[in-house]
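Lettering follows sequence order; numbering is per chain, from 1. Just so we're clear, the structure is a prediction, and the values are computed from it rather than from any experiment.
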Amino acid sequence: MMNAIKNYIKSLFLLELLRGLRLTLSRLFRRPFTIQYPDERAPQSGRFRGLHALRRYPNGEERCIACKLCEAVCPALAITIESEPREDGSRRTTKYEIDLLIVETRIFEYHFEERGKHVMTKEMLLEVGDKYEAELAADRATESAYR
Amino acid sequence: MSDSSTPEMVTIEVDGQELQGPAGAMLIELTDKACIDIPRFCYHDKLTIAANCRMCLVEVEKVPKPLPACATPIMEGMKVFTKSDKARMAQKGTMEFLLVNHPLDCPICDQGGECELQDLALGYGRDISRFSENKRVVADKDIGPLVATDMTRCIHCTRCVRFSEEIAGIRELGATGRGENTEIGIYIEGSMQSELSGNIIDLCPVGALTSKPFRFTARAWELVQQPSIAPHDSVGSNILVHARGSQIMRVVPDRNESINEVWISDRDRFSYEGIGSDDRLTTPRIKTNGVWHDVEWQVALQAVADGLRTTSADQLAAITSPTSTLEELYLAQKLMRALGSSNIDHRLRLGDVRDQDSAPAFPGLGCSIADLESLDAALVIGSNIRKDQPILAHRLRKASNAGAELHFINPVDFDFVFSVANRLIIGPAGMVGATAAVAAALLEANGKSVPADIRNLCTASEVDQGAKAIAGSLQQAPRSMVFLGAIAESHPDYSVLRSLACTIASECGGQCGYLPQSANSVGACLAGAQPHRGVGASTVSDSGRGLAALVEGGMSGCVLLGVEPEADCDDPAHVIAALEDCGFVVSMHAFTTETLEQVADVMLPIAAFGETSGTFVNAEGTWQSFSGVVPPRGDARPAWKVLRVLGNVLDVEGFEYESSEQVRDELHRACEGVGTDTSQHGNCYTTALDVGLMRVADVPIYSTDALVRRSPALQKTGDAASFLARISHAQAAQLGLSDGESVSVVQGDARQVCTVVTDTRVPESTVWLSCGTAKAAMLGASIGPVSLEKGSGEGML
């Protein structure tokens, strides 16, 4: 009986609504957390995993030797690799494709305009690696202390 | 190892578990049987014991040092600890030493994921290497187009060396140097001679020896494994087909002690490469006005039905390949017989049909494959068994090693991997005489009079001594057999050879058996794919015409099932000519060839090996069924389904099968009680061959069927077919020819330019000119009169 009266008074004077508005009002005068992306950027760790890249050795040789372990371990089955002996007899991929559902470098801003374009081929991945090699190498050098 | 007397049983204790085994057995044999895991690299149950990897060290009570389980014979009351601290320490120590010189780059190695060293290193290896010195590097050896080498990875288990010496029977591989400088190498760079060489890929516990065609293309964990049956010889080796997606990536052996043990021939292992050959037929095609068009199945089947309907029954024929499955052959003959024609044949390389009605129900081995090992003596007539049926040759080798005396009557002195007690090497015409001489010698030794028929055949007196030796050996042996091989089958006096072989077998108390050539030679007889006998090899009232008779003419409609006339028939030129005269030819085949495009009117694409379910009956008569592993390429369909639908389109009754198993079961019921006696024979003693220079041809190991002919790796080996006329030195001198000279080979109307090679393996009056090349296909039958004419001949540049 008492509870019913209590609830009636609470709803009659909109007490709960006012309590909520009080929080809103208090936040209004604090410094906002939101940053003005893309004009403003949050700091990014060297371990950030964005767009994928295939790297090369300093002499220009691809690092990927088609061991296929990434293909085996990928839980989303997003990687497709086909391999065969290259002309010099070394083990290389003939096809290395990643269905871009997950990302690995610090580049995280990209988009696709057509269906099917989300699959990155070996050439595209190597291009990304070549473009950002300096950054990737620097990141890995910084992180090597923690590995 | 097995003695006729039962050995004493010994009881030992391993890890507290009591085990019993025969005295003298090695410890590891018992623990393997009891599923107690002991790590090992060099031990293999089919090879001799080397005990050089030291990985299987175990602790034995009262023995101060750990002992290798593979080389420690069990003794009464022995107490063994396989997982004690001492054993573990020894095993871990061994592993550390093995890894000292083994590269640690598993991701780049083709064995990664299926490597014995990788697996055991996980259990017995240290986390961090204590070895900071330089690792050794060994140059890779070129051992041919089938096996890739990475010799730096070798851990010197010597399994491959022991295999080549003990199983393959050719000392090809060996270890040179000592200690760290030990290297496994091949004596002759470039190629392995053995037709079983691929087995070293399976034996190698590390990635030192891997498959070259498979190299770097897939990982073990990506592959789906399905059991199947090898389709290339009458052994019916059990295999495992590894597929990724819809592609067959490789073939490895399956264990079946009664058939192939754990080995398969290179032919069975590497032929899969042919499946995706460029000339694969993937859509039904019809030829209109000499131009081929791709059409829908419905259109093609209707065209076939119309063509067959308009052909009169006695002019209708089916030529089937003995590598087709049982189901395909059964449905093909059922369809033919329903259309009123018994003109169906699978005996594409048969040289003589005179005694076909008195021949056995099927050309079986006459004993089980495993029984070959326990023979005491055998006479093999007209066979290059080592290349024709490598696994059977391996069994004979085991018999020979156990003391069996093997005798051969051959037109060429083929190289074998076992010791041959007596060999009568004599031209095709002389083979009959030599066989007759053995029969006569046996009859005389048994105190019987030699019938005049046999006496008249004994023409070659130079073989008398050898024949007597063979007769004596066969007579004394408790278990003896006489085998007729592939060359005997294509011999124009096959009937005579059969009669003589059966006489020899019955006189020496043995059996006469056959070495059938193809995967389903036996099955085709049971399925009724021959003109004179129906299903279950039953006699039929309306006997049809076989291939030999059909070639003579009177064929206006023909179904080719899996046949490439230019390569699968004994006398290709005549068959092609007959097919060109034939009004309507349907080719049901997985591939297309120039000849087929020329002679056929409709082509139906059918599934190749690994793409269809079916059954093969092997030489010993075992029915082995298998299922498809990958879907057929393109629009190709399993042939049994095509024949089934063709039956429906033609409104033939009894074609309502829904699975190949139904077809097989129907046939199996019909085959109950089929006689397995392989000693039946007619009494045919009139020879059809004249004396004079004769061609003799074998079918080279990598030319036997459509698939192996399309396997690039196999064609790169030394066993690939070559077009050479091999003659003896004396023959060359007599004809005034020298080594490497070009001559015209004339056989009937056919003439081809060929290089002469002098060869000590060829007897007098004989030209050894193998089948399997396009030029050889233009000549005549594999055994027949031939002449060599000096110079390139007219019409040639």
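The 12-atom threshold is not exceeded at CD of A:Glu16, counting heavy atoms of other residues, nucleotides or ligands nearer than 6.0 Å. Annotation for A:Arg63: atom CZ counts as buried by contact number, over 12 foreign heavy atoms lying within 6.0 Å. Atom CZ of B:Arg136 sits in a crowded spot, with more than 12 heavy atoms from other residues, nucleotides or ligands closer than 6.0 Å. In this structure, A:Ile5 places its CD1 atom where more than 12 heavy-atom neighbours from other residues, nucleotides or ligands lie under 6.0 Å away. A 6.0 Å sphere centred on NZ of B:Lys135 holds more than 12 heavy atoms belonging to other residues, nucleotides or ligands. The environment of CG in B:Leu122 is sparse: at most 12 heavy-atom neighbours from other residues, nucleotides or ligands sit within 6.0 Å.
Of the atoms belonging to B:Cys106, not a single heavy atom falls under 4.5 Å from chain A. Only the backbone of A:Ser90 has a heavy atom closer than 4.5 Å to any heavy atom of chain B. Both the backbone and the side chain of B:Asp110 have a heavy atom closer than 4.5 Å to some heavy atom of chain A.
Rounded to the nearest 0.5 Å, atoms CZ (A:Arg91) and OG1 (B:Thr217) are 8.5 Å apart. The structure places CD of A:Glu82 at 9.0 Å from CD of B:Glu222, a figure rounded to the nearest 0.5 Å.
Of all non-hydrogen atoms in B:Trp221 and A:Ala72, the two that sit nearest each other are NE1-CB, 3.4 Å. Taking all atoms of both residues into account, the shortest heavy-atom contact from A:Cys67 to B:Arg219 is O-NE, 3.0 Å.
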